[in-house]
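Count residues from 1 along the sequence.
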Amino acid sequence: MSNMKEIKNRIKSVRDTQKITNAMYLISSTKMRKAKKEHDGTKPYFEMVAHEIKRIFRTDSKIQSRYFFPEDNKEELQGTYAYLVISADKGLAGAYNHNVMKEALKVISKHEDRKVFVVGEVGRRFLTAHKIDIEQSFLYTAQNPTLSRAREITDILLDLYDNGDVSKLYVVYTDFKSSVSEEATAIRLLPFHKADLLKELPPWEKEVKTPFEFMPSAEDVLDNSIRSYVLGIIYGALVESYCSEQNARMNAMDSANKNAEGLLGDLSIQYNHTRQSIITQEITEVSAGAKAMRKKRMQKAAKMKEVQG
């Protein structure tokens with residue numbers, strides 16, 4: 001690229017692209033902070049719901065519920081499994097979509113009898129390309145993870161489970177651990193293992209010595225609590241995935257900005273070298289022309305001298 005005009009156009013193009021990537025970085029940063037704030041505001045409620053469910057079982061471990069594995073503790077239940085896969089609606093987010101879809105394929109391929117539900121346009125296209133039938137796609141939820149959208153998904157999945165249409169519920173999402181760490185993971189929503197709820201008490205919880213009285217029954221209280229519990233997990237998974245997407249996009253745009261800075265530096269050096277070469281060439285041409293003119297004048301003067309002599 002020796003032409004100065006081409007280099008200047010290339011520099012302008014890189015700078016214009018850098019403005020876009022920088023704007024996307026700032027937008028993603030704002031979106032992530034807003035979503036995290038909303039999630040942190042509702043998280044204590046869902047944590048207390050999970051805590052109360054555990055406390056019910058610590059009070060009466062003989063409670064039976066359709067939301068728990070049979071007494072033989074067998075995980076390989078027969079029937080249809082439901083999978084909720086959470087991806088993004090757009091790309092330009094580094095390896096975010098690739099990682100979660102890789103995890104989804106690994107989990108989904110283990111069971112042929114399945115119903116797949118998708119959040120995110122990228123996930124829908126990916127699974128369709130891999131010949132995996134999609135039961136339902138939740139549009140626009142990936143870009144707007146609210147409690148109302150989470151409640152809509154929860155109602156659909158729990159209705160399938162309560163009616164016996166599916167025997168297990170899974171959610172595949174990206175766990176946002178920190179700004180430098182996120183991990184695509186799959187968790188089983190339902191059914192539970194009783195053993196998971198009967199572990200040792202946390203240090204801040206007092207041991208239950210007086211039996212609770214449940215109205216109308218412990219089973220009814222548990223059934224009502226489970227819906228809020230599953231809602232909390234699905235809402236948390238939506239927000240965690242959304243934050244992971246924005247964080248991945250921030251990192252991708254930051255890398256793009258740094259690469260643009262490096263490319264601009266290289267192009268500036270190339271532009272200066274080309275400019276210097278052109279200046280040097282022009283000086284050389286002027287100098288050579290002046291030298292030729294001087295030589296011509298000297299030859300003319302010598303010739304005139306010979307004629308006069």
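Residues Leu26 and Ile20 fall within the same hydrophobic cluster, defined by Ile, Leu, Val, Met, Phe, Trp and Tyr side chains chained together at heavy-atom separations under 4.5 Å. Hydrophobic clustering, with ILVMFWY side chains joined whenever heavy atoms are under 4.5 angstrom apart, groups Ile134 together with Tyr83. Each of Tyr242 and Leu139 belongs to its own hydrophobic cluster when Ile, Leu, Val, Met, Phe, Trp and Tyr are linked at side-chain heavy-atom distances under 4.5 angstrom.
Taking 4.0 Å as the cut-off between side-chain N and carboxylate O, Lys12 and Asp16 count as a salt-bridged pair. Salt-bridge annotation for Arg149 and Glu152: absent, with no side-chain N of the basic residue lying under 4.0 Å from a carboxylate O of the acidic one. Between Arg125 and Glu121 there is a salt bridge, since a side-chain N of the basic residue sits under 4.0 Å from a carboxylate O of the acidic one. Looking at Lys168 and Asp113, no side-chain N of the basic residue comes within less than 4.0 Å of a carboxylate O on the acidic one, giving no salt bridge.
Here the CD-CD1 distance, from Glu282 to Ile279, works out to 7.0 Å after rounding to the nearest 0.5 Å. Atom CZ of residue Phe117 and atom CG of residue Leu160 lie 5.0 Å apart, to the nearest 0.5 angstrom. Rounding to the nearest 0.5 Å places CD of Gln136 at 13.0 Å from CZ of Arg124. Rounded to the nearest 0.5 angstrom, Leu263 CG and Ile11 CD1 are separated by 9.0 Å. Considering CD of Glu182 and OH of Tyr96, their distance stands at 8.0 Å, rounded to 0.5 Å. Atom CD1 of Ile7 sits about 9.0 Å away from atom CG of Asn272, to the nearest 0.5 Å.
Side chains of Leu231 and Arg227 form no contact here, defined as non-hydrogen atoms less than 4.5 Å apart. Residues Leu264 and Arg15 have side chains in contact (heavy-atom distance under 4.5 Å, counting atoms from C-beta outward). When side chains are defined from C-beta on, Asp165 does not count as touching Thr80, because their heavy atoms never get closer than 4.5 Å. A 4.5 Å side-chain heavy-atom check between Val118 and Phe126 finds every atom pair outside the cut-off. Counting only heavy atoms from C-beta outward, the side chains of Lys115 and Val166 approach each other to under 4.5 Å. The shortest side-chain heavy-atom distance between Val85 and Val119 does not fall under the 4.5 Å cut-off. Between Leu157 and Val230 there is no side-chain heavy-atom pair separated by less than 4.5 Å. Side-chain contact between Ile86 and Val172 is absent, with no heavy atoms from C-beta onward closer than 4.5 Å.
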- Message: Quick one, Tyr170 with Leu189, criterion side-chain contact (heavy atoms from CB on, under 4.5 Å). Give me CA distance, side-chain angles, the key distance, then yes/no.
- Response: CA-CA 5 Å; Tyr170 287 89; Leu189 283 175; over 6 Å; no

- Task: Check the pair Asp89, Val122 against side-chain contact (heavy atoms from CB on, under 4.5 Å), reporting the backbone distance first and the verdict last.
- Result: CA-CA 5 Å; Asp89 283 334; Val122 174; over 6 Å; no

- Query: Hey, mind stepping through Thr154 and Tyr235 against side-chain contact (heavy atoms from CB on, under 4.5 Å) and telling me if it holds?
  - Reply: CA-CA 9 Å; Thr154 301; Tyr235 176 61; over 6 Å; no

- Query: Does the side-chain contact (heavy atoms from CB on, under 4.5 Å) test come out yes or no for Asp254 and Lys258, once each step is laid out?
  - Reply: CA-CA 6 Å; Asp254 186 51; Lys258 291 178 180 177; 3.4 Å; yes

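For the pair Arg10 (side chain) and Lys5 (backbone), a donor-acceptor distance under 3.5 Å is absent. The backbone N or O of Cys243 lies less than 3.5 Å from no partner atom in the side chain of Asn247, so there is not a single donor-acceptor pair. Thr17 contributes a side-chain N or O that, together with a main-chain N or O of Ser13, makes up a donor-acceptor pair within less than 3.5 Å. Within the 3.5 Å criterion, the main-chain N or O of Ala82 finds no donor-acceptor partner in the side chain of His111. The backbone N or O of Thr174 sits less than 3.5 Å from a side-chain atom of Ser241, completing a donor-acceptor pair.
Side-chain contact annotation: Asp175 with Thr185, donor-acceptor N/O pair under 3.5 Å absent. Side-chain atoms of Glu245 and Gln143 include a donor-acceptor pair closer than 3.5 Å. Checked by atom type, the side-chain pair Ser87/Asn97 shows no donor-acceptor distance below 3.5 Å.
Contact between Tyr161 and Pro191 at its shortest, heavy atoms only, is OH-CB, 3.3 Å. Minimum interatomic distance between Ala186 and Val107 (heavy atoms only, all atoms of both residues): CB-CG2, 3.6 Å. Between Met250 and Tyr25, the closest heavy-atom pair is O-CD1, 3.2 Å. Among all heavy-atom pairs drawn from Gly94 and Ala252, the shortest one is N-CB, 3.9 Å. The two atoms that bring Arg114 and Ser109 nearest to each other are NH1-CA, 4.2 Å, heavy atoms only. The two residues Leu238 and Pro145 have their closest heavy-atom pair at CB-CB, 3.8 Å.
For Asp133, the CG atom counts as loosely surrounded, since its 6.0 Å shell holds 12 or fewer non-hydrogen atoms of other residues, nucleotides or ligands.
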